[in-house]
Structures are given as structure tokens and as C-alpha cells.
Amino acid sequence: MKRLIITIFLVLTLTACSGAVSSPTPLPTVSLDAVSPGGPSAGTVTASGEVVPLQHVRLSFPLTGIVKSVEVQEGDRVTAGQPLVALDTTILEAKVAEAEAAVATAETQVRYLRRVGSGQEQLDSAQASVDRAVALLASAKATLAQATLTAPMDGMVAALDIAPGEVVTPGQIVVQIGDLSAFQIETTDLSELDAPRVKPGQAVEVYVEALDARIAGKVADIARVSSTVGGDVVYKVTVALDEQVEGLMWGMSADVTITTE
């Protein structure tokens with residue numbers, strides 16, 4: 001009972017000392033301006049890009065092999081169909097010879113069966129063996145042809161990443177060829193959020209930092225399929241330049257601003 005009386009007394013005392021309890025001061029309201037979905041301007045989208053030739057290819061072998069010879073050097077001009085790199089074909093040539101022998105054997109068997117008057121069923125089976133051997137021969141010859149890398153277009157050897165004696169694997173880029181007489185821009189990180197606003201023909205400003213140059217252009221194409229960069233979904237946009245500024249080089253970085261309105 002004494003504890004209860006003491007507690008009530010303390011509460012009353014503290015209340016009397018402090019006076020009336022004031023209402024809490026309301027917090028100020030903070031107003032945030034809406035962020036433009038287009039980045040720097042609602043009427044534009046921006047992306048990074050790189051300078052690339054109008055026509056360029058990255059070449060690789062479709063099979064594994066040892067490089068026997070390299071027929072070109074970086075900076076060489078090449079024409080379509082010109083040999084560039086050749087693999088050692090010793091094993092592939094042996095497979096072709098083996099396939100040719102199999103065809104000859106199968107055809108001999110057919111001729112023998114006809115000479116001895118074998119039934120149609122046996123002849124059909126023997127002819128099927130011939131057809132199968134011919135197909136294997138064609139496959140062996142096709143593989144042998146793939147052992148030589150040839151230029152698919154006229155241009156210049158911009159990069160060569162192979163030497164005799166090295167082993168190549170399918171998909172490994174060994175030669176890059178481009179027509180370095182004219183360049184365009186390809187974006188590398190245009191967000192999927194901005195891609196629907198981009199249309200062919202829209203005006204573009206390109207800034208190439210290496211040349212401290214601003215170049216006007218237009219959207220020439222938009223990729224139909226996305227790619228992923230650092231976990232973000234992006235679409236490649238190709239920009240045609242209104243002029244070919246002196247000093248442009250394959251691989252230079254660029255800042256791209258596309259006017260969407």
C-alpha cells in the first residue's frame with residue numbers, strides 16, 4: 001500500500017513540475033519533384049556506344065585444330081574468297097581418303113550383286129550402303145573445306161589473334177576484317193526502359209571524346225533481340241553518321257543522345 005501511495009505521489013509531482021504537456025510539433029512536409037523518365041530530358045534518351053565500320057566481321061573456325069599457316073598480317077587489304085588462316089589437314093585428308101575407299105567398296109558390291117543375279121532386296125540393301133558412303137564422303141570433304149578460313153568480304157585485316165602452331169577451338173575469334181572507309185555507331189547499354197521510345201529516323205547527337213567531336217546522325221536500326229550487360233537488359237541501336245569525321249577509329253567510345261520527341 002505504501003509503494004502505491006509513493007508511486008502516485010511521484011507521478012503527480014512530475015506532472016505538476018512539467019506543466020501542461022505540449023502537443024508534438026508536426027514534421028515539415030517534403031515535396032520531391034518528379035524525375036523525368038528520360039534522364040537529362042524527357043525528350044531524349046542517352047546511351048554509351050562505340051565506333052564500328054559499316055561492314056565488319058569477326059571470323060572463327062567451326063572445328064578444333066592446329067594452325068598450319070597464317071596468310072595475312074594486320075593492316076593487309078584482302079578480297080572476298082582470299083585464304084586467311086589454314087589448319088593442319090593431315091587427319092581430315094585421311095578421313096576423306098577413307099570415305100572415298102568406302103564408296104568404291106560399296107559400289108563394287110552393287111556391281112557384283114547385279115552380275116551374279118542377286119534378288120532385288122539384296123540390291124536395294126547394297127545401294128543403300130552406297131548412298132550412305134557417299135553422304136559420309138560429302139561430310140568429310142565439307143569438314144576439310146572448313147579447315148581454311150577465307151575472307152567473306154573485301155576489307156582490311158583489323159585484328160589477327162593467331163599464329164602457326166597454336167590450337168584453335170570452335171567460336172574462338174581469330175581474325176577481324178572491316179571496311180575502314182566509313183564508320184557508324186552502335187550503342188552498348190541502351191536500357192529496355194528507353195528502347196520503346198527509340199524509332200528509326202530520329203535525330204542523334206554523338207560525342208566522341210577521343211576527338212572532342214560532336215557529330216550529328218540518325219537512328220538507322222534497332223536490334224530485334226535484347227542482350228544482357230551487367231545484369232541489365234539492353235538493346236543495340238545503330239546510328240548512321242551525317243559525316244565521316246577525320247580520325248574516327250574502330251572501337252572508339254562515344255556518348256549517344258537520341259531525340260525522341
### Task
Determine, stepwise, if the pair L84 / I177 fulfils side chain to side chain contact (heavy atoms under 4.5 Å, CB included).
CA-CA 11 Å; L84 305 174; I177 298 175; 3.7 Å; yes

### Query
Do V78 and W250 share a hydrophobic cluster (ILVMFWY, side-chain heavy atoms under 4.5 Å, transitive)?
no

#### Entry: Sidechain-backbone polar pair: D194 side chain, S191 backbone, donor-acceptor under 3.5 Å
no

### Cluster link L63 to V168, ILVMFWY, side chain under 4.5 Å
yes

### Query
With sequence neighbours excluded, what pairs up with S69 under the side-chain contact (heavy atoms from CB on, under 4.5 Å) test?
E71, A86

### same_hphob_cluster(V70, L87) at 4.5 Å side-chain heavy-atom cutoff
yes

### Task
Return each pair, listed once, that meets salt bridge (charged side-chain N to carboxylate O under 4.0 Å, His left out) where at least one residue sits in residues 45-58; pairs must be two or more places apart or across chains.
none

### Message
I'd like to know whether Q82 forms a side chain to side chain contact (heavy atoms under 4.5 Å, CB included) with V72, so could you lay out the CA-CA distance, the side-chain angles of the two residues, the decisive distance to 0.1 Å, and finally the verdict.
### Response
CA-CA 10 Å; Q82 180 178 335; V72 293; 3.9 Å; yes

### Query
Who pairs with T257 by side-chain contact (heavy atoms from CB on, under 4.5 Å), at least two apart in sequence or on another chain?
T44, T46

Using distance only, find each side-chain donor-acceptor pair of residues 112-122 under 3.5 Å and give its atom names and separation, not counting sequence neighbours.
from: S118; atom 1: OG; to: L113; atom 2: O; distance (Å): 3.3
from: Q120; atom 1: NE2; to: D124; atom 2: OD1; distance (Å): 2.8

### Summary
Nearest heavy-atom contact between Q109 and A126 is CG-CB, 4.4 Å

Scan the side chains in residues 235-243 for donor-acceptor partners under 3.5 Å anywhere in the protein, sequence neighbours excluded, and list what turns up.
none

### Query
Side chain of T260, backbone of G43: donor and acceptor closer than 3.5 Å?
yes

Got a list of side-chain donor-acceptor pairs under 3.5 Å for residues 209-220, not counting sequence neighbours?
from: D212; atom 1: OD1; to: Y207; atom 2: OH; distance (Å): 2.8
from: R214; atom 1: NH1; to: E205; atom 2: OE1; distance (Å): 3.4

### Task
Establish whether L180 and V175 are linked, either directly or via other cluster members, by ILVMFWY side-chain heavy-atom contacts under 4.5 Å.
no

### Query
Can you find a heavy atom in the side chain of P170 that is under 4.5 Å from one in the side chain of T64?
yes

### Message
Which residues pass the side-chain hydrogen bond (donor to acceptor under 3.5 Å, both in side chains) test with Q244, not counting sequence neighbours?
### Response
none

### Query
Just wondering, more than 12 heavy atoms not from I66 lying within 6.0 Å of its CD1?
no

### Summary
Residue pairs meeting side-chain hydrogen bond (donor to acceptor under 3.5 Å, both in side chains), one or both in residues 93-105, sequence neighbours left out, come to T89-E93

### Query
Is I222 close to L190 at the side-chain level, that is, under 4.5 Å between some pair of heavy atoms?
no

### Task
Would you mind reporting whether V245 and V208 have side-chain heavy atoms less than 4.5 Å apart?
no

### Message
Please tell me whether V52 and L54 are part of a single hydrophobic cluster in this structure, the criterion being side-chain heavy atoms less than 4.5 Å apart.
### Response
no

### Query
What residues form a side-chain hydrogen bond (donor to acceptor under 3.5 Å, both in side chains) with D179, not counting sequence neighbours?
S181

Would you be so kind as to tabulate the donor-acceptor pairs closer than 3.5 Å made by side chains of residues 143-163, with sequence neighbours excluded?
from: T143; atom 1: OG1; to: S139; atom 2: O; distance (Å): 3.1
from: D154; atom 1: OD1; to: A80; atom 2: N; distance (Å): 2.7

### Task
Applying side chain to side chain contact (heavy atoms under 4.5 Å, CB included), run through D255 and V206 and close with a yes or a no.
CA-CA 6 Å; D255 295 324; V206 176; over 6 Å; no

### Query
For V229 and T188, which heavy atoms make the closest approach, and how far apart are they?
CG2-O, 3.7 Å

### Query
Can you pull the ring pair (Phe, Tyr, Trp, His ring centres under 6.0 Å) pairs that have at least one residue in residues 156-188, sequence neighbours excluded?
none

### Query
Among all residues two or more places apart in sequence or in another chain, which pass the salt bridge (Lys or Arg N to Asp or Glu O under 4.0 Å) test with R77?
none

